Amino acid sequence: MSALFPEDVADYLKNHPSFFEQYADLMAQIFLPHPHGGRAISLAERQMLSLREKNRAAEAKLAELITFGEENDAISEKVHRLAVGLIAAETFQAVIHLINFHLRDDFAVPHVALRLWDKPEGIEDLPEFAAVSEELQVFAETLGRPYCGSTAGFGTASWFGEQAPHIRSQALIALRNGGGTIGLIALGSEEGQRFYAEMGTLYLERLGELVSAALARVTKSML
């Protein structure tokens, strides 16, 4: 007689679903170890426990998805408020104020700095038009998505003034107009993992698009 392996038994039961209908009393005679230790339980009870655990896992996953959805709704509302404010802003300084206010108060980003490459003639010197290295401008041109990570090697930490030594992570978002890069916005944090390489950047990209459009509009009026 050939040996019978567990796989053979499993295959037989899969292929003969009526087996336990024909031997219904067998369900009550088979006892298995309790999944969490203790007394032995019947096959039917073990199946019930398995279903309950699957239900709990499904409920936990649903609760997680609901939480993510609520968080996304909250972020979308904040982005909407920023968009409305930027649309209403009529001057360069108003746009800069709104960017700083909303990112600090709505998004809890403690440090925001912005640089634009081309300063319109005849206006006062502003930090937003301070000189930026050619290397950094080239880097901004190559950004397909916002950079998130350390400040090391970019020279952008100095944009945060006195807080520069305390900045541990940053997000760099290219500002574009008509297909060309016009500047860079930097978000800084003292938390090393506030901005990290694997994080999602969808809302950062949306932020860059909103800020780019607003700045392109108000800087054009400064010419």
Side-chain angles (χ1 to χ4, degrees), residues 75-76 78-164 167 169-189 194-197 199-223:
I75 295 174
S76 294
K78 294 173 183 179
V79 172
H80 176 71
R81 285 199 294 269
L82 173 60
V84 171
L86 290 175
I87 290 171
E90 298 180 352
T91 66
F92 179 80
Q93 291 293 9
V95 168
I96 298 300
H97 171 76
L98 280 166
I99 293 169
N100 283 281
F101 174 80
H102 281 278
L103 290 179
R104 183 183 65 249
D105 287 16
D106 261 358
F107 294 91
V109 176
H111 308 290
V112 181
L114 186 147
R115 293 292 185 273
L116 297 172
W117 307 161
D118 299 320
K119 174 186 173 184
E121 294 183 4
I123 69 166
E124 60 182 308
D125 290 332
L126 298 171
E128 290 78 19
F129 294 104
V132 175
S133 69
E134 183 177 349
E135 291 79 9
L136 192 55
Q137 292 187 39
V138 171
F139 170 76
E141 289 279 357
T142 65
L143 273 180
R145 59 191 293 270
Y147 162 85
C148 298
S150 168
T151 60
F154 290 96
T156 51
S158 62
W159 296 4
F160 301 114
E162 295 179 354
Q163 297 302 317
I167 304 300
S169 65
Q170 68 175 350
L172 300 177
I173 309 165
L175 302 175
R176 296 189 168 93
N177 180 35
T181 303
I182 61 173
L184 196 66
I185 185 170
L187 314 180
S189 174
R194 175 64 188 276
F195 301 108
Y196 56 94
M199 70 181 290
T201 59
L202 175 62
Y203 286 109
L204 293 177
E205 292 171 33
R206 296 291 179 266
L207 172 65
E209 292 168 359
L210 289 172
V211 171
S212 295
L215 288 172
R217 173 172 54 83
V218 294
T219 54
K220 183 177 180 180
S221 66
M222 297 165 68
L223 298 176

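None of the values given here were measured: they were computed from a predicted structure.
Formation of a donor-acceptor pair under 3.5 Å by the Trp117 side chain with backbone atoms of Thr181 is found in this model.
The line from OG1 of Thr156 to CD of Gln170 is 3.5 Å long, rounded to the nearest 0.5 Å. Interatomic distance, CZ of Phe160 versus CD1 of Ile167, reported as 5.5 Å (0.5 Å rounding). A distance of 8.5 Å separates NE2 in His102 from CZ in Phe107, rounded to the nearest 0.5 Å. Considering CG of Leu184 and CG of Leu116, their distance stands at 9.5 Å, rounded to 0.5 Å. Distance check, rounded to the nearest 0.5 Å: CZ of Arg145 to CG of Leu202 gives 10.5 Å. Thr201 contributes atom OG1, which lies 13.5 Å from atom OH of Tyr147 (distance to the nearest 0.5 angstrom).
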Go through Leu175 and Leu114 one step at a time and tell me if the side-chain contact (heavy atoms from CB on, under 4.5 Å) criterion holds. CA-CA 9 Å; Leu175 302 175; Leu114 186 147; 4.0 Å; yes
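Closest heavy-atom contact between Ser212 and Ala174: OG-O, 4.3 Å. Across all their heavy atoms, Ala89 and Ala94 have their closest contact at CB-CB, 4.0 Å. What you find for Phe195 and Ala171 is that their closest heavy atoms are CD2-CB, 3.7 Å. Closest approach of Arg176 to Glu141, counting heavy atoms only: NH2-O, 3.4 Å. Taking both residues in full, the closest heavy atoms of Ser150 and Ala152 are given as OG-N, 2.9 Å, listed atom of the first, atom of the second, then distance. Residues Pro146 and Glu205 share a closest heavy-atom pair of CD-CG, 3.4 Å.
Side chains of Leu172 and Ile185 form no contact here, defined as non-hydrogen atoms less than 4.5 Å apart. Taking the side chain as every heavy atom from C-beta outward, Asp106 and Leu82 never approach each other to under 4.5 Å. With a 4.5 Å cut-off on side-chain heavy atoms, Leu215 and Asn177 do not count as touching. The shortest side-chain heavy-atom distance between Leu207 and Ile173 falls under the 4.5 Å cut-off. Contact of the Leu187 side chain with the Arg194 side chain is not registered, since no non-hydrogen atoms from C-beta on lie closer than 4.5 Å. No side-chain heavy atom of Val95 sits less than 4.5 Å from a side-chain heavy atom of Thr91.
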Only distances under 3.5 Å count here; give the side-chain donor-acceptor pairs of residues 126-136 to other protein atoms, sequence neighbours excluded, each with its distance to 0.1 Å.
unit_1: Ser133; atom_1: OG; unit_2: Leu136; atom_2: N; d: 3.2

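With sequence neighbours left out, the ring-ring contact (aromatic ring centres under 6.0 Å, His included) criterion links Phe139 to Phe154.
Few gaps surround CG on Asp105; more than 12 heavy atoms of other groups in view lie less than 6.0 Å from it.
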